[in-house]
Every structure is written in structure tokens, then in C-alpha cells.
Trainee: 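For reference, the structure I am asking about is given below.
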Amino acid sequence: MGIATRLLAVLVPSMVVIMGVYAFIALHQRAELISEALIRETETLAQALRAVTDNAIRDGRYPDLDAVLSGVSEDPETFLVAVLEPSGEMLSGGTQVLPDCLPTGVIQAPPESGLRGWAECEGRVRWVSLPVREPARALLVARRATVVEQDEAHSRIRISLTTLALGGGAALVILLVLQSTLSRPLERILAGVRELGGPSTLEPIRLGRSAGELRYLAEAFNEMAKRLEEKRRTLVKEVEGRIALEGRVRREEKFAALGRLTGGLAHELGTPLNVIGVRAEAILESQETSEDARRQAREIVAEVERVAGLIRSLVHMARRDRLDPEPVDLAELVREVAPERLPGDIGGPTRPRLRLPPDPVIVEGDRNLLRHALLNLVTNAVQALASEEGERDEPGALDIILDLEGGWATVEILDDGPGVPPTDVPHLFEPFFTTKDVGEGMGLGLAIARGIIEEHGGSLELEVQEPRGVRAVVRLPQEPSALPGAGEEGASQ
Ligand code: ADP
């Protein structure tokens with residue numbers, strides 16, 4: 001049961017009881033007033049009739065007395081009017097004997113001031129007995145209290161109906177007032193409390209003037225919810241930051257271990273590889289080398305190049321602490337790594353769509369490393385598109401978009417190639433994770449690119465697009481260029 005209903009259940013019955021008591025008192029007072037009026041009327045009538053009776057007895061005009069008394073008797077409110085002899089018989093006022101309901105005292109010689117009282121004769125009756133001239137003993141006047149009784153009955157009905165109507169109306173008004181000042185404001189506050197801590201941001205509770213003190217409660221609640229929301233946001237940021245930091249620390253540790261390993265390997269393998277490469281090229285250049293030996297020497301040179309490339313990549317990861325920062329124009333870098341500018345075996349036939357701002361986008365960083373990172377991403381997109389060559393009616397699309405946003409430079413590389421199966425997504429940035437054939441990929445491209453970008457204070461994300469393709473997003477903190485002449489080139493495509 002709601003608080004409004006409960007208040008109503010207490011208020012309305014007490015109100016009805018109070019009104020009932022008031023109505024009872026009013027009714028009682030009214031009945032008394034009417035009774036008194038009846039008493040006065042009976043007394044006055046009796047006094048007037050006594051004068052008439054005395055005169056009629058003195059002059060022996062009994063027929064006149066009879067006429068007067070029977071005239072009074074005709075009044076429906078008159079129960080009895082009679083002049084009684086000492087024997088109890090009636091001298092005048094009809095032939096009836098004295099009814100049993102009236103006390104016999106009325107015929108005893110009444111004192112000068114008279115006798116009076118109430119009797120129950122088919123309804124209440126007020127009687128007055130006054131002494132009259134001899135040979136009669138008493139004049140008896142009895143009047144019915146019908147008016148009082150009828151008025152009492154009418155008043156009872158009227159007052160009951162008024163009490164009911166007033167009670168009902170008051171209950172309705174109280175209910176409406178309680179609803180607008182108590183129930184509805186409380187419901188809104190309660191809904192707010194329930195929503196607190198939920199996934200959606202809480203709208204502040206606004207209550208009208210009618211809510212009275214509950215408005216202060218709502219304001220305090222809004223203030224509390226605001227502070228909680230701020231705390232929650234700070235906490236989420238802190239947790240996200242901590243998770244990102246932990247991820248970075250883990251990766252750094254991995255890279256540090258890898259760095260030590262690859263540094264040693266590069267050192268140990270570099271010299272013999274170099275010797276093998278130089279010797280193989282010497283064999284290639286010699287006039288005496290047969291065609292078969294030349295072919296084999298070419299294979300050795302190609303393999304040596306491949307292993308040297310692997311070692312270079314490993315060394316990139318190993319030398320993370322050797323950044324050589326300078327102002328770098330990202331727009332220029334993007335144009336450099338666009339597939340059409342790359343050798344055919346990397347770039348392939350794919351024509352990219354470049355979207356670059358008109359002015360140079362300068363970031364502080366190591367030009368070679370940043371170029372290497374972007375090249376890895378573009379190469380992945382091109383290879384993904386190339387893997388579907390011949391299977392699609394339309395040629396694959398590759399977009400490279402450079403933009404500036406709130407002090408950050410973003411490079412988006414979007415392709416509509418086959419995308420990545422969900423099971424591979426968690427492993428994409430792991431070193432040596434690859435889905436490509438031997439010789440096409442070593443699984444270091446993304447790991448190296450992310451390492452380089454993070455070293456520059458940025459981030460690299462890879463999103464699998466719906467219905468197909470991949471979107472690589474590089475974010476780098478943008479610094480205003482200190483280079484003279486920046487912005488004059490206005491390069492765009
Ligand atoms: P690699 O290219 O040598 O395989 P990467 O670290 O660059 O190594 O990439 C790891 C793997 O991520 C790839 O083998 C490929 O499966 C997936 N990948 C990266 N970029 C894309 C892309 N744009 N489209 C589809 N798959 C991709």
C-alpha cells in the first residue's frame with residue numbers, strides 16, 4: 001500500500017468521525033431548540049385558553065367554550081384540549097375520557113403555576129395543566145411533538161448526506177494533493193535511485209514547487225548522482241589506463257627479451273651472412289660461372305636478402321631505445337608509402353585513394369621508423385586485396401586518410417579485403433603470428449608497427465570491418481611544426 005493511500009486511510013475515517021460528532025451535536029441542539037419553541041407555544045396556548053375558560057364558566061357560556069376548544073382540537077398538532085371536573089370527567093372539550101398515556105396528576109388540583117410534562121401518546125406529547133374557575137378543576141392542553149420528530153428525521157438524513165459528500169470530496173482533494181506532493185515526487189526519486197549505477201547516464205530529477213521539501217531531497221540526490229558519475233568516470237579511466245599500461249609493460253618486457261635475443265643473433269649471423277652474400281655475388285659476377293651455378297648463386301643471394309631482411313626487422317624491434325626525433329610531415333610519408341609508389345612486388349596493381357589535408361601534418365618523430373610502420377600497414381592491406389585477385393568482379397578498394405583531430409594526427413588505412421577471422425583477432429599483434437605463406441610474411445609487421453607508434457606516444461588499432469575488410473588506425477600526438485616553410489607546400493590529392 002502506497003504512502004498516500006495509507007495517509008488517506010488514516011485521515012479520512014478520523015475526518016468522518018469528527019464530522020459525525022459535529023453533526024450529532026448540531027442535530028441535538030436543533031431538536032432542543034424546536035422542543036423549547038413547542039413548549040413555549042403550548043404554554044402560551046394554555047394561558048390563552050385558561051382566560052377564555054374562566055370567562056365562559058363565570059358566564060355559563062359552555063357552548064361557546066366547547067366551540068373554542070373543538071376549534072383548537074382540529075389543529076392536527078393538538079393531541080388533547082379539555083376542561084376537567086374534579087371527578088376526572090370532562091366538562092368541556094369532547095366526550096373522551098382521559099387517555100392512559102397521560103399521568104392522572106393532571107386532574108389533581110394543579111397549583112397556580114400549573115403542572116407540565118412530556119408523555120408518550122402515539123408519539124411524544126407536551127402537556128400543560130392549569131387551574132381554572134370552579135366547578136371545573138383543570139384545563140389540560142397536550143400538543144404533539146410531530147414537528148420536532150419530523151425535523152429530527154429530515155435533519156438526520158440531510159446531515160448524513162452532507163457528511164458523506166463532504167467526506168468524499170475531502171478524500172478526493174486529499175488524494176490529489178498527496179499524489180502531486182508526495183506519491184509522484186517519491187516515485188521519481190525512487191526511479192532515480194533504481195537507475196543509479198546502471199549502464200545509462202542518469203538524467204537529473206526535476207520536481208515542481210508542489211513537491212515541497214522533497215525538492216531539496218531530489219536536489220541532494222542529483223548532486224550525489226553527479227559526484228558518483230564523476231567518480232565512476234575517473235575510475236573507468238584509471239582502470240583503462242592501468243590495463244593499457246600493463247599491456248604495454250608486458251609487450252615492452254617481451255620486446256626487451258626479444259631484443260636481447262635478436263641483438264645477439266643479428267650480431268652472430270650478420271658476419272657469416274655477409275660473407276655468404278659477397279661470395280655468392282662474386283660467383284654471379286665471375287665470367288667462368290656456368291649458367292646452372294649462376295642460377296644457384298642467384299637463389300643464394302635472394303635467400304641471403306630474405307634472411308638479412310628478417311634480421312633487419314628483428315633489429316628494428318631490438319633497438320627501441322634509439323629514437324632519432326625530428327619534425328616529420330605525415331602527408332609526405334603517406335604519399336611515399338602509397339602502393340603506386342612502391343616496387344611492383346609490394347604495391348601490385350592496387351590504386352589507393354588518398355585523402356590528405358592541404359597543409360603538412362607535422363609530428364615529432366623518427367622519420368625512418370614511422371615510414372617503416374606505415375609501410376607495414378599498407379603492405380598488409382595490399383597483400384590482403386591481392387589474395388583475392390581474380391576471385392572478385394570489382395577491384396579491391398584501398399583508402400588512406402590523414403586527418404587532424406584535437407591535437408592528434410590520425411592515419412586510417414582501410415581495405416575491403418577478406419578481413420580477419422575472429423579467432424585470429426587476439427593474436428594479430430603477437431610477434432611471428434602470420435597467416436601468409438612462407439616467404440610472404442614473418443608475422444612481425446604489426447608488432448613492429450605498434451612498437452614504433454607507441455614509442456612515439458601514439459596508438460595503433462586494427463578493426464575488422466563489416467561486412468568485409470580491415471581498418472588500421474594510427475594515432476600520433478601532433479606538434480606544431482617548427483620547420484621553416486611548413487604549410488607552403490599545400491600538398492593534397
Ligand atoms: P605478416 O604480414 O608478416 O603476416 P603482420 O604482423 O603484419 O605479419 O600481420 C599478421 C597477420 O595479420 C597477417 O598474417 C594477416 O593474417 C593479418 N592481417 C594484417 N593486416 C591485415 C589486413 N589488412 N587484412 C587481412 N588480414 C590482415
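Every number for a ligand or one of its atoms is a count from 1 in the order of the listing.
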Trainee: Take a 6.0 Å sphere around NZ of K226 and say whether it holds more than 12 heavy atoms from other residues, nucleotides or ligands.
Mentor: no
Trainee: Taking atom NE2 of H28 as the centre, does the number of heavy atoms from other residues, nucleotides or ligands within less than 6.0 Å exceed 12?
Mentor: no
Trainee: Evaluate whether atom CD of E77 has more than 12 neighbouring non-hydrogen atoms of other residues, nucleotides or ligands under 6.0 angstrom away.
Mentor: yes
Trainee: Please say whether more than 12 non-hydrogen atoms of neighbouring residues, nucleotides or ligands are located less than 6.0 Å from CD in E230.
Mentor: yes
Trainee: Surrounding CD of E391 (heavy atoms of other residues, nucleotides or ligands, distance under 6.0 Å), is the total greater than 12?
Mentor: yes
Trainee: Of the choices P418, P421, G443, which has the non-hydrogen atom that lies closest to atom 1 (P) of ligand 1?
Mentor: G443
Trainee: Between R250 and E430, does any NZ, NE, NH1 or NH2 come within less than 4.0 Å of an OD or OE carboxylate oxygen?
Mentor: no
Trainee: In the protein, what heavy atom is nearest to atom 17 (C) of ligand 1, and what distance, to one decimal place, separates them?
Mentor: L428 CD2, 3.7 Å
Trainee: Near A381, which atoms of ligand 1 are under 4.0 Å from a heavy atom of that residue?
Mentor: 23 (N)
Trainee: Hey, is ligand 1 close enough to D415 that some N/O pair sits below 3.5 Å?
Mentor: yes
Trainee: What is the nearest protein non-hydrogen atom to atom 15 (C) of ligand 1, stated with its residue, atom name and distance?
Mentor: T435 OG1, 3.4 Å
Trainee: Under 4.0 Å from a heavy atom of A384: give me the atoms of ligand 1 that qualify, with their elements.
Mentor: 22 (C), 24 (N), 25 (C)
Trainee: Measuring from non-hydrogen atoms of G419 to any atom of ligand 1, is the shortest distance under 4.0 Å?
Mentor: yes
Trainee: Tell me if the CD atom of E405 is crowded by more than 12 foreign heavy atoms within 6.0 Å.
Mentor: no
Trainee: Show which atoms of ligand 1 fall inside a sub-4.0 Å distance from at least one heavy-atom site of L446.
Mentor: 5 (P), 6 (O), 7 (O), 9 (O), 12 (O), 19 (C)
Trainee: For atom 2 (O) of ligand 1, grab the closest protein heavy atom and report residue, atom and distance to one decimal in Å.
Mentor: K436 NZ, 2.5 Å
Trainee: Sequence neighbours left out, what passes side chain to side chain donor-acceptor pair (under 3.5 Å) with D292? Give chain and number order.
Mentor: R295, Q296
Trainee: What residue and heavy atom of the protein are closest to atom 19 (C) of ligand 1, and at what distance?
Mentor: N380 ND2, 3.5 Å
Trainee: What is the closest protein heavy atom to atom 10 (C) of ligand 1, and at what distance does it sit?
Mentor: F433 O, 3.3 Å
Trainee: For atom 27 (C) of ligand 1, tell me which residue out of V464, T434, D416, V420 has the closest non-hydrogen atom.
Mentor: V420
Trainee: Show the atoms of ligand 1 that are less than 4.0 angstrom away from any heavy atom in G441.
Mentor: 3 (O)
Trainee: Looking at R468, I'd like to know if its CZ atom is crowded, meaning that more than 12 non-hydrogen atoms belonging to other residues, nucleotides or ligands lie closer than 6.0 Å.
Mentor: yes
